[in-house]
Amino acid sequence: MEPHRWLPLEANPDFLKQLGIHPDWQFVDVYGMEPELLSMVPRPVCAVLLLFPITEKYETFRTEEEERIKAKGQDVKSSVYFMKQTINNACGTIGLIHAIANNRDKMNFETNSSLKKFLEDSLSMTPEERAKYLETYEAIRVTHESSAHEGQTE
């Protein structure tokens with residue numbers, strides 16, 4: 001069976017609004033780690049998403065780390081929300097879901113928020129079950145696709 005594939009998503013400020021996050025919260029670009037550049041980031045900050053290219057070195061590290069965790073186990077607090085990525089090109093959306101889900105206590109959602117419903121429905125699921133649920137959750141897929149079409153990159 002071919003894996004699910006979404007269109008690549010550029011940074012789109014309206015994406016959060018379309019998912020039903022109150023406009024009090026936003027994502028902004030961080031242009032560097034120097035103090036003067038970090039001072040431009042609005043406060044408070046609840047999460048930082050790091051985007052980087054996947055290299056052979058990274059894949060080697062990831063595989064070794066995964067094997068180490070399988071062999072020795074891993075202690076993760078039950079309050080941490082995590083889902084596997086099974087959809088190609090959904091890394092940004094899944095990163096946003098992680099950032100928001102792990103800060104639910106700080107977030108304000110609009111009344112009919114598709115993301116709030118997704119999080120409520122998937123809270124008691126395993127990371128694998130959450131991934132499968134996202135594969136079938138039309139509201140987030142459609143919002144992702146709509147936002148991807150608004151991008152400027154060919």
Side-chain angles (χ1 to χ4, degrees), residues 1-30 44-56 58-154:
M1 185 172 144
E2 188 170 314
H4 293 267
R5 178 179 291 279
W6 291 0
L7 292 172
L9 181 64
E10 293 181 21
N12 182 338
D14 291 332
F15 186 55
L16 287 178
K17 182 179 175 187
Q18 293 167 357
L19 289 173
I21 301 296
H22 192 276
D24 288 348
W25 291 100
Q26 61 182 328
F27 282 86
V28 298
D29 290 326
V30 177
V45 174
C46 291
V48 175
L49 299 177
L50 176 63
L51 303 176
F52 60 93
I54 295 176
T55 63
E56 188 176 316
Y58 166 77
E59 277 299 317
T60 300
F61 171 79
R62 185 193 61 75
T63 302
E64 290 170 356
E65 188 72 4
E66 192 173 292
E67 291 302 317
R68 187 187 65 74
I69 290 169
K70 283 180 184 175
K72 295 184 177 182
Q74 183 180 35
D75 185 27
V76 179
K77 292 181 182 180
S78 61
S79 61
V80 173
Y81 187 99
F82 176 75
M83 69 187 319
K84 295 275 188 178
Q85 180 178 344
T86 57
I87 303 169
N88 290 337
N89 295 326
C91 53
T93 296
I94 291 172
L96 293 174
I97 291 171
H98 285 146
I100 292 165
N102 287 300
N103 287 287
R104 289 184 311 280
D105 59 325
K106 298 172 189 76
M107 295 290 129
N108 299 320
F109 293 91
E110 299 293 347
T111 305
N112 295 320
S113 169
S114 58
L115 182 54
K116 181 179 181 185
K117 179 167 178 12
F118 176 84
L119 294 175
E120 289 171 349
D121 291 350
S122 65
L123 203 54
S124 63
M125 296 178 182
T126 67
E128 293 80 8
E129 290 169 337
R130 291 172 182 157
K132 290 293 179 193
Y133 187 48
L134 181 62
E135 289 175 7
T136 64
Y137 202 81
E138 284 297 298
I140 293 177
R141 184 194 60 76
V142 167
T143 303
H144 174 105
E145 189 171 302
S146 171
S147 291
H149 282 295
E150 293 175 8
Q152 299 173 3
T153 303
E154 297 263 342

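Position 1 is the first residue of the sequence, and the numbers go up from there.
- Using a 4.0 Å cut-off between charged nitrogen and carboxylate oxygen, R62 and E66 count as a salt-bridge pair.
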**OP:** Would you check, one step at a time, whether the test ring-ring contact (aromatic ring centres under 6.0 Å, His included) holds for F109 with H22?
**Re:** CA-CA 5 Å; F109 293 91; H22 192 276; over 10 Å; no
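- A pairwise comparison of heavy atoms in P23 and E110 identifies CD-OE2, 3.4 Å as the closest pair.
- Few gaps surround CG on D105; more than 12 heavy atoms of other groups in view lie less than 6.0 Å from it.
- Nearest heavy atoms, C46 versus N103: O-ND2, 3.3 Å.
- Few gaps surround NZ on K106; more than 12 heavy atoms of other groups in view lie less than 6.0 Å from it.
- For the atom pair CE (M125) and CG (L119), the distance works out to 11.0 Å, reported to the nearest 0.5 Å.
- Of all heavy-atom pairs spanning K84 and A131, the tightest one is O-CB, 3.2 Å.
- The line from OH of Y137 to CG of L115 is 8.0 Å long, rounded to the nearest 0.5 Å.
- Residues Q18 and S146 bring no donor and acceptor atom of their side chains to less than 3.5 Å of each other.
- The structure places NE2 of H98 at 11.5 Å from OG1 of T93, a figure rounded to the nearest 0.5 Å.
- The distance between the ring centers of F27 and F15 does not fall below 6.0 angstrom.
- Residues L49 and G95 share a closest heavy-atom pair of CD2-O, 3.5 Å.
- In this structure, CG in D75 is found 11.5 Å from CD1 in I69, a value given to the nearest 0.5 Å.
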**OP:** Please lay out, stage by stage, how K117 and E120 fare under the test salt bridge (Lys or Arg N to Asp or Glu O under 4.0 Å).
**Re:** CA-CA 5 Å; K117 179 167 178 12; E120 289 171 349; over 6 Å; no
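- In this structure, the side chain of R104 does not engage the main chain of K116 through any donor-acceptor pair within 3.5 Å.
- Within the 4.5 Å cutoff, the side chain of L19 has no heavy atoms near those of the I97 side chain.
- Between L7 and N89 the shortest side-chain heavy-atom distance does not fall below 4.5 Å.
- Side-chain atoms of S122 and Y81, non-hydrogen and from C-beta on, do get closer than 4.5 Å to each other.
- Residues R5 and I87 are not in side-chain contact: their nearest non-hydrogen atoms beyond the backbone lie 4.5 Å or more apart.
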**OP:** Start with the C-alpha gap between K132 and E129, add the side-chain angles, then the distance that decides, and say whether salt bridge (Lys or Arg N to Asp or Glu O under 4.0 Å) holds.
**Re:** CA-CA 5 Å; K132 290 293 179 193; E129 290 169 337; over 6 Å; no
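- The shortest distance between side-chain heavy atoms of T86 and E135 falls below 4.5 Å.
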**OP:** Please assess N88 against H4 for the test side chain to side chain contact (heavy atoms under 4.5 Å, CB included), listing each intermediate value before the final yes or no.
**Re:** CA-CA 6 Å; N88 290 337; H4 293 267; over 6 Å; no
Subject >> Stepwise salt bridge (Lys or Arg N to Asp or Glu O under 4.0 Å) test for E64 and R68 >> reply: CA-CA 6 Å; E64 290 170 356; R68 187 187 65 74; over 6 Å; no
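- Interatomic distance, CE of M107 versus CD1 of I21, reported as 6.5 Å (0.5 Å rounding).
- Scanning all heavy atoms of the two residues, the minimum distance from F118 to R130 falls at CZ-O, 4.0 Å.
- Residues S79 and N102 approach most closely at O-OD1, 3.8 Å, considering heavy atoms.
- Relative orientation of the W6 and H144 rings is tilted, given thresholds of 30° and 60° on the angle between their planes.
- A 6.0 Å sphere centred on CD of E67 holds more than 12 heavy atoms belonging to other residues, nucleotides or ligands.
- Atom OG1 in T143 sits 11.0 Å away from atom CG in L16 (nearest 0.5 Å).
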